[in-house]
Amino acid sequence: MQKTVLGWVTAMVIFGLALNGCKKDSVSTTTPTITSFSPTSGATGTDVVITGTNYSIIAAGNTVSFNGVATPVLTASTSQLTVTVPAGATSGKITVVVNSISVSSSGSFTVTSSGSVVATWFRQSGISVTKTGQTYYSTVGDSSAVYVTNSGIFTLSDSKIWSSGNTSSTDNSSFYGLNAAVLANSGSTVTLANDSIVTTGLSGNGVFSYGTASVILSNDYIRCTGDGGHGVYAAGGGTLTATDVIATTTGASSSVIATDRGGGKITITGGAYTSGGKNSADVYSTGTINVTGAVLLANGAEAVVIEGSNNATLTNCTTTTAYDKWGIMIYQSSSGDASGTVGKVTISGGSLTYTGSRGGLFYNTNDTAYVYLSNVTLANSCDTLVRSILGSWGGSSATQGGNTHLVCSNQILSGIIYIDSNSKATLNLSNSSSYTGRINTGKIAKMAAATLDATSSWSLTGDSYLTSFTNANLTNSNIISNGYHIFLNGIKIL
């Protein structure tokens, strides 16, 4: 279980709402109003836009009911809420509650017949089924709105899926998909296109692929607001592919792209992914996660977390973390969720931004870490580039230090490489890479090494103490000393 850890215009509008949802003043403290709603009548499953004032821009910060029957809020702004007429609703007033302050509409909404597009939940075992224009939901804990098993093949488009029940076991939700809105297992294949998936319950994961199952997403919208509610999730070897998906999570321990015990493979192309809650990374890998051309934003945790001998690859992504501790973490928790002690993260093109002021851009403890960088625009508000230490995470402590390998090709980077007495770090620069910084200034590292090819350079910002140094430029003319020195095993060599 995790520890930390559409068209383009429409996508950016939704992503903008997700970003705004992280503001401290996102919950209104004044009385909400309802000035109108449209349409004024419709069947169960009909979308209704409520217009008024003083709503929370966080969807989960608003509670809406139709004549006493609650329904999840799909999208929210300060002046409009979009909801779906829930099953069981009858004609009557619409009520909105914001910050415990309630208001009811002056007029009534008229509920017509349920209509053929509405169902409760969908269950499929084997066979092949295709549906469109449906509404599937579950208000019961430990249940999925869509569940496909026993090699079933299910294709769903232009539909709404939501769940509000809580799990009885957060472990079973993380490991097996209990309580996920969409769950595929036992060799099944689920294909979702242009669908909306919203969850509000505890460990209400959005879409979950387990075991030999496969899930394929395209142009879908996913929003999970409860603690432990991840956006896209794979475990037990499951596979998941997502193209141009917009996904947000706002709860704690709710990484928006994640794998868990038994691993899994997730492939992301395009789209925007935002995590807002505490200990909720953008990418949490106990398997293999590949992301290309996506916008990633983490507000309450690292941008990427690698646990054990697993990996993540970001290609041409715009990646930002506002978490004031570390930018990317590679570690072994020893919880049993991920085996091995060699984690890898590869970042090519795009950008990686860390707005925190402490910790460092890359943090490694209790594991061997390989960080591969190529032509990435790095923006680091902290003075530390790498922190390789015998450290801690989430209340747990490491039993061994870090062993960090920073491998750079055609890469510009800067910052301190800090290594404690239990740890190791190696910097490798090639293909016109350029490093500005200092290594092991405190002279305490268990091992500190640097290797440069003839096309790369190092500009010193302080004395550096190495246990190994290799430079293909035998004259060291690619080292800009700035008045500082390099010591090799205690002997000044430059």
- [ ] Kindly say whether Ala301 contributes a backbone atom to a donor-acceptor pair with the side chain of Thr321 at under 3.5 angstrom?
- [x] yes
- [ ] Check the side chains of Ser348 and Asn316 for a donor-acceptor pair under 3.5 angstrom, ignoring hydrogens and angles.
- [x] no
Task: Distance-minimising heavy-atom pair for Thr467 and Lys446 - done: CG2-O, 4.5 Å
- [ ] Begin from the C-alpha positions of Tyr418 and Ile389 and carry the test side chain to side chain contact (heavy atoms under 4.5 Å, CB included) through to its verdict.
- [x] CA-CA 8 Å; Tyr418 178 82; Ile389 64 172; 3.6 Å; yes
Open item on the list: What I'd like to find out is whether the side chain of Leu352 reaches to under 4.5 Å of the side chain of Cys317, using heavy atoms alone.
Closed with: no
Open item on the list: With a 6.0 Å cut-off (strictly less than), is the heavy-atom count around OH of Tyr465, excluding the residue itself, greater than 12?
Closed with: yes
- [ ] Test the Arg261-Phe175 pair against the cation-pi criterion, namely NZ or CZ under 6.0 angstrom from the six-membered ring centroid and within 45° of the ring axis.
- [x] yes
Open item on the list: What I'd like to find out is whether the side chain of Leu156 reaches to under 4.5 Å of the side chain of Thr191, using heavy atoms alone.
Closed with: no
Open item on the list: Going by side chain to side chain contact (heavy atoms under 4.5 Å, CB included), Val182 matches just one of Val207, Val232, Thr199. Which one?
Closed with: Val207
Task: Donor-acceptor contact present, side-chain Thr267 to main-chain Thr241, <3.5 Å - done: no
Open item on the list: Pairing donors with acceptors under 3.5 angstrom, does anything connect the side chains of Ser457 and Asn478?
Closed with: no
Task: Any Leu413 side-chain heavy atom under 4.5 Å of Leu361 side chain - done: no
TODO: Give me the ring orientation class for Tyr176 and Tyr210: parallel if the planes are under 30° apart, tilted from 30 to 60°, perpendicular past 60°.
DONE: perpendicular
TODO: For residues Gly228 and Ser254, report the shortest heavy-atom separation together with the two atoms involved.
DONE: N-OG, 2.9 Å
- [ ] Give a yes or no on whether the backbone of Ser432 and the side-chain of Thr455 come within a donor-acceptor separation of less than 3.5 Å.
- [x] yes
Open item on the list: Within the structure provided, determine whether Asp244 and Leu217 are in side-chain contact (heavy-atom separation under 4.5 Å).
Closed with: no
Open item on the list: Could you check whether any side-chain N or O of Asp420 sits under 3.5 Å from a backbone N or O of Leu390, counting only pairs where one atom can act as donor and the other as acceptor?
Closed with: yes
Open item on the list: Looking at Ser196, is its backbone amide N or carbonyl O close enough to the side chain of Asp220 to form a donor-acceptor pair, meaning the two atoms are under 3.5 Å apart?
Closed with: no
Task: Under 3.5 Å: donor-acceptor pair, side chain of Asn440, backbone of Ala445 - done: yes
Task: Residue pair Glu302 / Ile328, side-chain heavy-atom distance below 4.5 Å - done: no
Task: Residue that, paired with Tyr435, satisfies side chain to side chain contact (heavy atoms under 4.5 Å, CB included) out of Thr461, Leu427, Ile412 - done: Leu427
Task: Polar contact flag, side-chain donor to acceptor under 3.5 angstrom, Ser456-Asp453 - done: yes
Open item on the list: So which atom in Gln80 and which in Tyr55 form the shortest heavy-atom distance, rounded to 0.1 Å?
Closed with: N-CD1, 3.7 Å
- [ ] Keeping the roles fixed (side chain from Gln411, backbone from Val376), state whether a donor-acceptor pair exists under 3.5 Å.
- [x] yes
- [ ] Flag yes if more than 12 heavy atoms outside Tyr484 fall under 6.0 Å of its OH atom; otherwise flag no.
- [x] no
TODO: Just say parallel, tilted or perpendicular for the rings of Trp458 and Phe469, cut-offs at 30° and 60°.
DONE: tilted
Task: Distance-only side-chain donor-acceptor flag, Asp282 / Ser255, under 3.5 Å - done: no
Task: Side chain Asn179, main chain Gly165, donor-acceptor under 3.5 Å - done: yes
Open item on the list: Do Ile266 and Tyr233 have side chains that approach each other closer than 4.5 Å (heavy atoms only, starting at C-beta)?
Closed with: no
Task: Exercise: do Thr286 and Asn310 side chains pair donor with acceptor under 3.5 Å - done: no
TODO: For the residue pair Ser275 and Tyr273, establish whether any side-chain heavy-atom pair is separated by less than 4.5 Å.
DONE: no
Open item on the list: Over 60° means perpendicular and under 30° means parallel, so tell me whether Tyr323 and Trp326 are parallel, tilted or perpendicular.
Closed with: perpendicular
Task: Considering all heavy atoms, the nearest Ser280-Ala252 contact - done: OG-C, 3.6 Å
Open item on the list: Check whether Tyr354 reaches the backbone of Lys325 with its side chain - one donor and one acceptor, N or O, closer than 3.5 Å.
Closed with: yes
Task: Exercise: do Thr167 and Ser173 side chains pair donor with acceptor under 3.5 Å - done: yes
Task: Lys344 atom NZ, neighbour heavy-atom count above 12 within 6.0 Å - done: no
Open item on the list: Is the shortest side-chain heavy-atom distance between Thr384 and Arg358 below 4.5 Å?
Closed with: no
Task: Between Asp463 and His485, a side-chain donor and acceptor under 3.5 Å - done: no
Task: Contact summary for Ser56 and Ala76, nearest pair of heavy atoms - done: O-CB, 3.4 Å
Task: Test item: side-chain donor near acceptor, Ser388 and Thr404, under 3.5 Å - done: yes
Task: Residue pair Ser464 / Arg438, side-chain donor-acceptor N/O under 3.5 Å - done: no
Open item on the list: How close do Ser433 and Cys408 get, counting heavy atoms only, and between which atoms?
Closed with: OG-O, 3.3 Å
Open item on the list: So does Thr225 get a backbone contact from the side chain of Thr200, meaning a donor-acceptor N/O pair under 3.5 Å?
Closed with: no
